[in-house]
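So the structure is just underneath, and the comments pick up after that.
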Amino acid sequence: MATTSQPTSLPRRAAVIGGNRIPFARANGSYAHASNQDMLTAALEGLVARHGLAGEQVGEVAAGAVLKHSRDFNLTREAVLGSSLSAHTPAYDVQQACGTGLEAAILVANKVALGQVDCGIAGGTDTASDAPIAVSEGLRETLLQLNRAKTSGQRAKALAGLRPSHVVPEIPRNVEPRTGLSMGEHMAQTAKRWGITREAQDELAAASHRNLAAAWESGFFDDLVTPFLGVTRDENLRPDSSVEKLAKLKPVFGRGEGATMTAGNSTPLTDGASVVLLGTDEWAAERGLPVLAHVVDAQTAAVDYVTGDEGLLMAPAYALPRLLERQGMTLQDFDLVEIHEAFASTVLATLAAWEDEEFCRERLGLAKPVGSLDRSRLNVHGSSLAAGHPFAATGGRIVASLSKMLSEKGPGARGLVSVCAAGGQGVMAILEAA
Amino acid sequence: MEPDVEVETLQQPPSLPRLYATAALTARGRSGSGPLPERALRLSDVRVDRDRLLLYQHLCGFPAGDVLPHTWPQVLGFPLQTELMARRDFPLALPGLVHLENTITVHRPLTADDVLELTVRAEHLREHPRGLLVDLVTEVTVAGEQAWHGRSTYLRKGRSHDVARPAPSPEMPAGEPAAVWRLPGDTGRRYAAVSGDVNPIHLHRLTARAMGFPRAIAHGMYSTARVLAALGPATSGPSTSRVWFRKPLLLPGTVALAVERHAGGEVVAGLTSRDGEVEHLVLDWRPIR
């Protein structure tokens with residue numbers, strides 16, 4: 001009955017074949033003089049070297065950065081051109097705040113699934129050190145006016161508009177444009193609403209450091225990380241971190257008695273880059289590359305944080321039920337769960353919301369709660385509190401690590417990735433061991 | 001290395017500003033002809049200064065990171081070359097010496113973790129239609145293994161000799177420019193700050209004029225590095241480059257890069273003025289397979 005040529009059944013599942021990142025460095029540390037393009041190129045070159053892709057034409061490279069200079073309008077393509085990949089490899093930039101890296105992986109995986117590309121690379125990079133600094137709005141308008149001026153009279157008039165205050169530059173701040181509140185201040189409100197204790201946050205932070213240190217110690221990252229500028233391990237990692245030490249830190253977000261969020265249970269500003277190699281099983285097999293996992297499904301969600309209806313970083317809580325329903329799964333079916341630790345309280349508030357009957361009924365429209373998660377399955381090799389969080393690079397870090405962890409568990413093992421993002425957004429994906 | 005050459009190990013890299021001053025003061029009274037000193041200078045246990053490397057990579061357009069660019073060991077070896085040439089027993093005066101050609105072979109990729117040993121010697125003093133030629137050879141080993149080799153050929157202009165010209169360079173690639181670079185007036189100062197080569201002809205209009213140039217000129221190894229960086233990351237791998245310098249590149253200046261790729265991976269690149277009238281250099285690069 002099949003008279004037309006339909007070579008493969010579509011959609012097909014995209015395979016995660018490998019990943020690579022550079023060690024993450026604390027802002028204004030070892031990568032202070034490295035640009036986003038430097039770091040993305042380095043992460044890409046490491047992936048190319050490990051998978052023998054030098055001179056190869058890859059279907060596409062999708063990556064991005066959250067803090068981006070205007071000169072980096074074609075950041076990913078420039079990184080490709082600076083790499084050993086064939087210059088015939090197309091590339092484009094993606095930006096969805098901290099969801100960038102995971103969203104890029106979903107985009108490439110979807111193109112693989114639809115048969116539009118056989119392979120692709122997704123990633124992200126961010127530097128809080130080499131951040132763009134903009135001129136003030138007044139100076140910018142004056143300079144544009146000056147550029148448009150045709151006569152010396154018009155030029156003089158434009159220059160007359162200059163004010164001393166215009167000289168002060170604008171440095172990017174980690175603040176929501178519509179609320180004027182920093183991400184930490186938003187999260188402090190949510191943490192209070194869910195009654196997330198200081199102790200629980202510090203415990204999660206200590207576990208993150210402990211787990212990441214153990215993963216480094218066991219050699220887990222040997223084929224996932226390429227050293228860069230002399231850094232061989234995540235700089236933020238404190239293997240000797242403990243609940244006792246974390247308890248000594250003063251709160252930095254929130255006010256008064258109820259303030260629980262410290263520099264220890266919040267992610268620091270970080271520099272770094274990561275990439276993930278995706279493709280079809282056939283493409284991987286042709287090159288003798290083992291497949292670690294497959295991308296099963298993905299879901300994004302957004303919440304109304306502007307009116308205070310929901311917490312800024314709670315969108316992943318809303319994405320999950322849609323995924324579970326589509327896949328006929330429960331939260332408890334996952335062997336491994338990776339929830340990006342923007343703050344320890346983000347993870348804890350999300351877990352609390354899924355356990356809450358009223359929230360699940362009123363907000364998620366569920367007859368019964370999502371339920372609780374076996375914490376031994378959560379962020380088992382550490383997460384952003386220990387590794388650091390170069391915004392757009394976090395998705396690639398998690399996808400690569402989770403794919404390898406699932407592959408070690410054996411065929412069919414399933415994992416969930418959850419990343420919250422500025423603007424009240426959340427990105428989620430399900431991976432399954434090959 | 002020839003066995004009868006005495007090797008002198010230096011404790012630290014020589015200071016280029018001091019050497020330039022010494023060389024200028026001792027320029028007169030040199031014999032102007034052989035023999036060359038039978039001595040090699042060596043620097044052992046050379047570790048990569050990563051901050052300086054990153055500045056160099058950014059300035060020349062190489063990818064930032066741990067892979068050492070094709071031309072990096074040349075930067076490290078240059079103070080040894082200068083030390084050798086500034087000493088009393090070197091027959092040619094250093095000021096006015098013209099860098100005519102440079103050949104580099106990368107035997108194996110070098111990384112910032114490699115501990116290098118550099119050995120520099122002078123050899124092959126010979127006649128040229130416009131004076132005398134001498135080669136300064138730099139060898140780099142890592143743990144005793146040959147890793148990088150460079151040969152810089154300098155011309156001491158002087159009495160003409162009735163000898164054949166050296167083999168010509170490849171033809172300047174024709175066609176539309178692959179890239180156009182605007183090199184600002186401070187290009188020489190920026191490269192000097194990273195490379196340490198503070199030769200006054202590169203630094204400022206006034207210091208260059210004192211040496212007979214209308215304006216500051218770009219370092220030959222800067223232009224070479226820019227061209228190699230533009231050819232892509234493969235140049236850091238096992239490969240050989242040979243560059244022939246033609247006319248000086250006056251700063252500030254706008255130059256055009258032309259690239260011709262041949263079968264077998266060989267690339268010929270040329271750097272000219274924007275209008276193509278002035279030829280600055282021709283470079284041949286080929287991978288070692």
Side-chain angles (χ1 to χ4, degrees), chain A residues 20-23 25 28-50 52-57 69 71-72 75-89 125 127 129-130 225-233 235 271-273 275, chain B residues 46-70 72 106 108-116 178-179 182 190 193-194 225-239 257 259 261 263-267 285-289:
Chain A
N20 188 55
R21 66 181 177 96
I22 56 175
N28 301 312
S30 301
Y31 302 164
H33 300 289
S35 67
N36 271 331
Q37 193 181 318
D38 290 338
M39 294 192 293
L40 185 57
T41 308
L44 208 47
E45 277 296 80
L47 186 84
V48 166
R50 192 171 299 128
L53 301 176
E56 292 258 355
Q57 181 181 338
H69 292 265
R71 62 164 186 257
D72 285 339
L75 172 67
T76 309
R77 175 63 179 149
E78 287 295 331
V80 167
L81 288 172
S83 78
S84 301
L85 287 173
S86 158
H88 297 277
T89 300
T125 175
T127 167
S129 306
D130 186 35
V225 177
T226 308
F228 184 59
L229 303 186
V231 183
T232 55
R233 212 177 73 164
E235 273 186 350
D271 304 336
V275 288
Chain B
V46 177
R47 283 159 207 278
V48 172
D49 173 345
R50 289 174 191 273
D51 292 338
R52 189 175 166 217
L53 175 65
L54 185 61
L55 286 170
Y56 180 81
Q57 288 165 332
H58 278 157
L59 190 63
C60 301
F62 290 105
D66 286 4
V67 177
L68 302 188
H70 190 97
W72 176 251
V106 180
R108 74 150 174 87
L110 288 165
T111 78
D113 290 323
D114 288 324
V115 180
L116 313 179
R182 285 167 193 82
R190 293 180 63 191
V194 177
R226 285 285 307 259
V227 171
L228 283 161
L231 299 183
T235 59
S236 299
S239 57
L257 170 74
V259 178
R261 292 182 186 270
E266 184 195 352
V267 181
W285 176 85
R286 54 190 76 195
I288 301 173
R289 293 185 201 279

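Below, each value reflects all heavy atoms present in this structure, side chains not excepted, and no hydrogens, waters or symmetry copies. Letters go in sequence order (proteins before strands), and every chain restarts at 1.
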Looking at B:Arg190, I want to see if its CZ is surrounded by more than 12 non-hydrogen atoms of other residues, nucleotides or ligands under 6.0 Å. no

Against chain A, residues from residues 51-61 of chain B with at least one heavy atom under 4.5 Å, in numeric order, are B:Leu54, B:His58

Can you tell me if A:His69 has over 12 outside heavy atoms packed within less than 6.0 Å of its NE2?
yes

If one checks every heavy atom of A:Ser83 against chain B at 4.5 Å, the contacting part turns out to be backbone

Applying ring-ring contact (aromatic ring centres under 6.0 Å, His included) to B:Phe62 and not counting sequence neighbours gives none

When the 4.5 angstrom heavy-atom criterion is applied to A:Glu45 and chain B, the contacting part is side chain

Residue set satisfying side-chain hydrogen bond (donor to acceptor under 3.5 Å, both in side chains) with A:Gln57, at least two apart, ordered chain then number -> none

In residues 226-236 of chain B, what donor-acceptor pairs under 3.5 Å come from side-chain atoms, sequence neighbours left out?
residue, atom, partner, partner atom, Å
B:Arg226, NH1, B:Tyr222, OH, 2.8
B:Thr235, OG1, B:Leu228, O, 3.4
B:Thr235, OG1, B:Gly232, O, 3.1

Residues B:Pro63 and A:Gly82: closest non-hydrogen pair is CG-O, 3.9 Å

When every non-hydrogen atom of B:Asp66 is compared with those of A:Gly230, the smallest separation belongs to OD1-N, 3.8 Å

